[in-house]
4 protein chains.
Amino acid sequence: MQYDNKPIYKQIAEYLYELILNGEWPDGERIPSIRDMAVQMEVNPNTMTRTYGLLQEQGIIYNRRGIGYFTIMDAREKTSSLKKAEFIHNELPEIFKKMDNLGMDTDEILALYDKYKN
Amino acid sequence: MQYDNKPIYKQIAEYLYELILNGEWPDGERIPSIRDMAVQMEVNPNTMTRTYGLLQEQGIIYNRRGIGYFTIMDAREKTSSLKKAEFIHNELPEIFKKMDNLGMDTDEILALYDKYKN
Amino acid sequence: MQYDNKPIYKQIAEYLYELILNGEWPDGERIPSIRDMAVQMEVNPNTMTRTYGLLQEQGIIYNRRGIGYFTIMDAREKTSSLKKAEFIHNELPEIFKKMDNLGMDTDEILALYDKYKN
Amino acid sequence: MQYDNKPIYKQIAEYLYELILNGEWPDGERIPSIRDMAVQMEVNPNTMTRTYGLLQEQGIIYNRRGIGYFTIMDAREKTSSLKKAEFIHNELPEIFKKMDNLGMDTDEILALYDKYKN
DNA sequence: GTGGTCTAGACCACC
DNA sequence: GTGGTCTAGACCACA
């Protein structure tokens with residue numbers, strides 16, 4: 001129960017954010033085609049199209065017709081701030097409220113943080 | 001993005017956990033019938049059946065034939081530990097790893113915790 | 001899953017068969033009233049009515065209006081042969097077929113029989 | 001008395017166990033879609049959804065989003081051991097106790113076993 | 001009254 | 001195409 005409910009295209013997006021944050025997809029460079037990436041991730045090209053579409057919507061990558069997809073010039077910085085803002089506003093409040101409901105205190109939280117942060 | 005994806009029957013389950021944790025549904029007592037609860041929550045009885053079925057699977061409530069559903073004797077305690085374990089094992093690792101990736105440190109986390117915990 | 005699905009009135013009937021087979025309800029004697037038995041078994045009188053009705057259908061007990069229920073003269077013998085025939089024709093074939101399907105052999109069956117018979 | 005009480009969705013589950021045990025649904029392969037199976041079994045798709053849900057809970061099949069259901073890699077072995085354990089723990093004790101109560105001895109049991117096992 | 005099951009039909013996200 | 005969920009309405013055994 002509740003292992004990985006997220007749609008595949010979002011799971012892949014998470015993975016691509018990592019690639020950008022790690023510098024494996026450097027700022028302003030061309031990234032693999034949808035087709036290649038679909039092969040590499042072993043998913044349907046339609047699914048990869050959705051993933052790229054999502055990143056494009058978020059302004060992290062863009063498309064040059066007939067050439068391919070590219071990261072924007074400050075992709076790394078933008079991804080970082082975008083994900084952080086999104087996380088803090090959309091997820092954190094719910095998470096912390098839940099923790100409080102479950103009777104977790106700051107000591108317990110910090111201990112678990114050290115355990116799980118990586 | 002990230003509004004409320006959860007199916008209704010699970011959202012109701014979340015609400016019922018609260019009722020149990022708050023003591024509004026005391027340990028070992030009869031809870032409203034599926035039909036009554038469906039009216040109260042303004043959903044179809046089938047949907048409520050799913051919710052009760054979920055709580056029954058988790059061993060928090062049980063059924064007496066022809067009489068109705070009851071919370072188990074230690075429903076409150078069980079719900080609390082069950083939800084906590086579920087949260088710590090299934091959600092926390094991912095959350096904390098994400099926080100670390102986003103460059104959040106303990107100070108920032110604690111500040112946000114105080115802000116959002118309730 | 002699958003602990004006790006049987007309707008309560010049948011569960012009680014099983015118990016009453018035992019009483020008869022054990023001689024605790026001797027042949028031809030009066031048995032407790034529906035009302036008393038319902039109190040004793042802690043069930044709704046309607047439920048006990050069903051149970052007595054079932055035994056009456058099977059010709060093991062009968063009713064004298066205004067007086068009460070009685071076991072028939074050869075209740076013990078009749079119960080025994082009736083239950084045995086019922087069991088052999090209705091349940092055994094399915095059970096043995098299932099055992100065979102699950103790859104159980106006679107040795108295993110006999111070992112389990114000795115373990116569980118009582 | 002004792003015709004077929006089991007709900008349809010469980011009867012179908014029984015049938016699917018057979019398909020797996022017989023190798024008609026080989027390990028690790030895709031099985032028919034809910035809709036197709038519903039047509040084939042002449043039931044409502046909702047009913048088939050319940051059946052597949054049951055098998056999924058038991059860890060015999062799993063779902064790939066948007067693609068369909070698959071048997072797990074060792075579906076046959078798992079189904080066999082699961083059904084056998086379930087049978088031995090939940091049904092056998094009661095059955096053998098009953099047999100003993102009815103005065104059946106090992107000879108009689110074995111004779112009936114040979115008669116009915118297939 | 002209670003819950004359990006089934007059908008029919010619909011909508012949706014996802015692949 | 002796939003499954004997941006929801007509604008509406010019905011029937012049934014059971015207490």
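Residue numbers start from 1 in every chain, and the chains themselves are labelled A, B, ... in the order their sequence lines are given, proteins ahead of strands.
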(request) Working to the nearest 0.5 Å, report the span between CZ of D:Arg76 and CG of D:Leu21. (result) 7.0 Å
(request) Could you provide the dot-bracket string of DNA chain E, using ( ) for intrastrand pairs, [ ] for crossing pairs and | for bases paired to another strand, with Watson-Crick or G-U pairs below 3.5 Å? (result) ||||||||||||||.
(message) Quick check on DNA chain E: between B:Gly68 and D:Gly66, whose nearest nucleotide comes earlier from the 5' end?
(response) B:Gly68
(request) Assess whether side-chain contact (heavy atoms from CB on, under 4.5 Å) is satisfied between B:Ile60 and B:Ile20, documenting all intermediate values. (result) CA-CA 9 Å; B:Ile60 296 172; B:Ile20 291 171; 3.5 Å; yes
(request) State, without any angle test, whether D:Tyr17 and D:Gln58 hold a side-chain donor-acceptor pair at a distance under 3.5 Å. (result) yes
(message) Rounded at 0.5 Å granularity, tell me how far CE in C:Met37 sits from CE in C:Met41.
(response) 5.5 Å
(request) Mind checking the CZ-CD1 spacing from B:Arg64 to C:Ile8? Nearest 0.5 Å is all I need. (result) 9.0 Å
(request) Assign a letter to each nucleotide of nucleotides 4-10 of chain E from its 5' end: B, base within under 4.0 Å of a protein heavy atom; S, sugar-phosphate only; -, no contact. (result) SBBBBB-
(request) Determine the interplanar angle of the A:Trp25 and A:Tyr52 rings, folded into 0 to 90°, and report it as parallel if under 30°, tilted if 30 to 60°, perpendicular if over 60°. (result) perpendicular
(request) Please report the C-alpha distance between C:Glu94 and D:Lys6 in whole Å, then the side-chain angles of each, then the deciding distance to 0.1 Å, and finally whether the salt bridge (Lys or Arg N to Asp or Glu O under 4.0 Å) criterion is met. (result) CA-CA 14 Å; C:Glu94 186 184 355; D:Lys6 285 178 221 149; 3.8 Å; yes
(request) Side chain of B:Ser33 only, please: which of F:dT2, E:dT2, F:dA15 is the nearest? (result) E:dT2
(message) For A:Tyr69, does the six-membered ring have the charged nitrogen or CZ of A:Arg30 within the cation-pi criterion, i.e. under 6.0 angstrom from the centroid and within 45° of the normal?
(response) no
(request) Take atom CE of D:Met48 and atom C1' of F:dT2, then tell me their distance rounded to the nearest Å. (result) 15 Å
